[in-house]
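Just so you know, residue 1 is the first one in the sequence shown, and it goes up from there.
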Amino acid sequence: MLVKPFEAALYEKLRLFFEQRGFALLADKKQFRKITPTGFQNVIFTATAYDEEVWLEVNFGCRNEQIEQIAQQFLGNTRDFWNDSNTIVISIGKYNNAKYFRYKIMTQPDVEDVCDIVKDFLANDGFPFLSNSDSLHSLNEIFNTNIHKPCKFVYNQVHRCFKGIICAKLIHHKDFLDLADKHRDMLFKIGATPEELITFERLLSFLLYHSVN
């Protein structure tokens, strides 16, 4: 099974489901995206061909514009991608504690079955999670609770530390300085590079003098 025809068939079968919920297809970015008051929510489809099969991974997440406008200045990502960055993102498999899970498709009926499974998951779990997680206060809970443990809702734990301390500043967290120390300790623990550690200190300096309306 070829990837391009599979993707086209997948998007067509899912289009109405997403459009009814306010999502538009961005085929070039392999996702459906919904603009929200705080940024956007999206569902991303990554298909890979293996012999006669296509393996499909489905990620879903959201962007908080306030966090990303600051974070992307310090994370070293290519500027062309700044406007498309997610604040949190997780695969369906990882969300269900099956980290390396992929959907395997060989036939047309498999496509139908996978679409039904994905729609059922999103309607019952994925979309409610996103709707409850895209505010600053919800993201603060995600990033700044149990800082000594990895956060499952980001793939890059260095980025978690940067976005966590930005979120704390934006909500005027009373323990901002203590959280800064904890995120710094976490960066050392996970082996952040010297450049990343220096950039984190630059971010802290910026945030200490950043005025939040």
Side-chain angles (χ1 to χ4, degrees), residues 33-44 59-91 93-97 99 125-213:
R33 182 182 294 184
K34 175 183 178 180
I35 303 302
T36 68
T38 57
F40 64 66
Q41 299 174 4
N42 60 351
V43 181
I44 308 163
N59 281 270
F60 60 103
C62 65
R63 172 189 177 90
N64 183 283
E65 193 68 30
Q66 288 181 275
I67 292 176
E68 294 304 311
Q69 282 184 354
I70 298 174
Q72 292 305 312
Q73 300 176 55
F74 293 89
L75 293 178
N77 294 328
T78 303
R79 186 178 289 269
D80 290 346
F81 297 104
W82 283 13
N83 292 331
D84 292 313
S85 62
N86 276 66
T87 304
I88 57 172
V89 63
I90 188 171
S91 69
K94 191 176 180 183
Y95 184 90
N96 290 323
N97 297 317
K99 186 175 180 180
D125 294 285
F127 291 150
F129 168 78
L130 292 180
S131 295
N132 291 326
S133 301
D134 59 2
S135 71
L136 287 174
H137 286 279
S138 296
L139 290 166
N140 175 66
E141 289 295 315
I142 290 172
F143 289 136
N144 293 323
T145 301
N146 298 321
I147 294 176
H148 63 288
K149 295 181 179 180
C151 173
K152 69 186 290 185
F153 300 105
V154 292
Y155 284 104
N156 187 318
Q157 296 303 311
V158 170
H159 290 190
R160 178 266 187 100
C161 294
F162 280 65
K163 295 181 182 186
I165 200 60
I166 292 168
C167 189
K169 174 65 176 183
L170 291 173
I171 65 168
H172 306 283
H173 200 296
K174 63 181 179 64
D175 296 321
F176 174 79
L177 293 177
D178 181 56
L179 290 173
D181 288 339
K182 289 179 178 178
H183 280 299
R184 182 187 293 109
D185 290 343
M186 188 63 175
L187 287 169
F188 278 107
K189 179 180 177 181
I190 63 179
T193 67
E195 182 179 356
E196 288 168 338
L197 293 170
I198 292 170
T199 304
F200 183 74
E201 298 305 325
R202 285 180 49 231
L203 171 62
L204 288 180
S205 296
F206 171 84
L207 292 175
L208 286 171
Y209 295 99
H210 179 68
S211 176
V212 180
N213 295 328

Is there a donor-acceptor pair closer than 3.5 Å between any side-chain N or O of Asn146 and the backbone N or O of Lys149?
no

Checking Asn140 side chain against Cys167 main chain: does a donor-acceptor pair fall under 3.5 Å?
no

For Asp185 and His148, test the side chains for any donor-to-acceptor distance below 3.5 angstrom and give the result as yes or no.
no

For the residue pair Lys152 and Asn97, confirm or rule out a side-chain donor-acceptor distance under 3.5 Å.
yes

Give the intermediate values and the outcome of side chain to side chain contact (heavy atoms under 4.5 Å, CB included) for residues Arg184 and Phe188.
CA-CA 7 Å; Arg184 182 187 293 109; Phe188 278 107; 3.8 Å; yes

Only one of Val89, Ile88, Ile90, Asn42 forms a side-chain contact (heavy atoms from CB on, under 4.5 Å) with Phe60, so which one is it?
Ile90

Would you please say whether a donor-acceptor pair under 3.5 Å links the side chains of Glu68 and Thr87?
yes

Please assess Ile165 against Phe176 for the test side chain to side chain contact (heavy atoms under 4.5 Å, CB included), listing each intermediate value before the final yes or no.
CA-CA 7 Å; Ile165 200 60; Phe176 174 79; 3.6 Å; yes

Side chain Ser85, main chain Trp82, donor-acceptor under 3.5 Å
yes

State whether the number of non-hydrogen atoms from other residues, nucleotides or ligands found under 6.0 Å of Lys182 atom NZ is greater than 12.
no

Given Lys169 and Phe206, is the side chain to side chain contact (heavy atoms under 4.5 Å, CB included) satisfied, shown in steps?
CA-CA 11 Å; Lys169 174 65 176 183; Phe206 171 84; over 6 Å; no

Any chance you could lay out the side chain to side chain contact (heavy atoms under 4.5 Å, CB included) test for Ile147 and His183, step after step, and finish with the verdict?
CA-CA 7 Å; Ile147 294 176; His183 280 299; 3.6 Å; yes

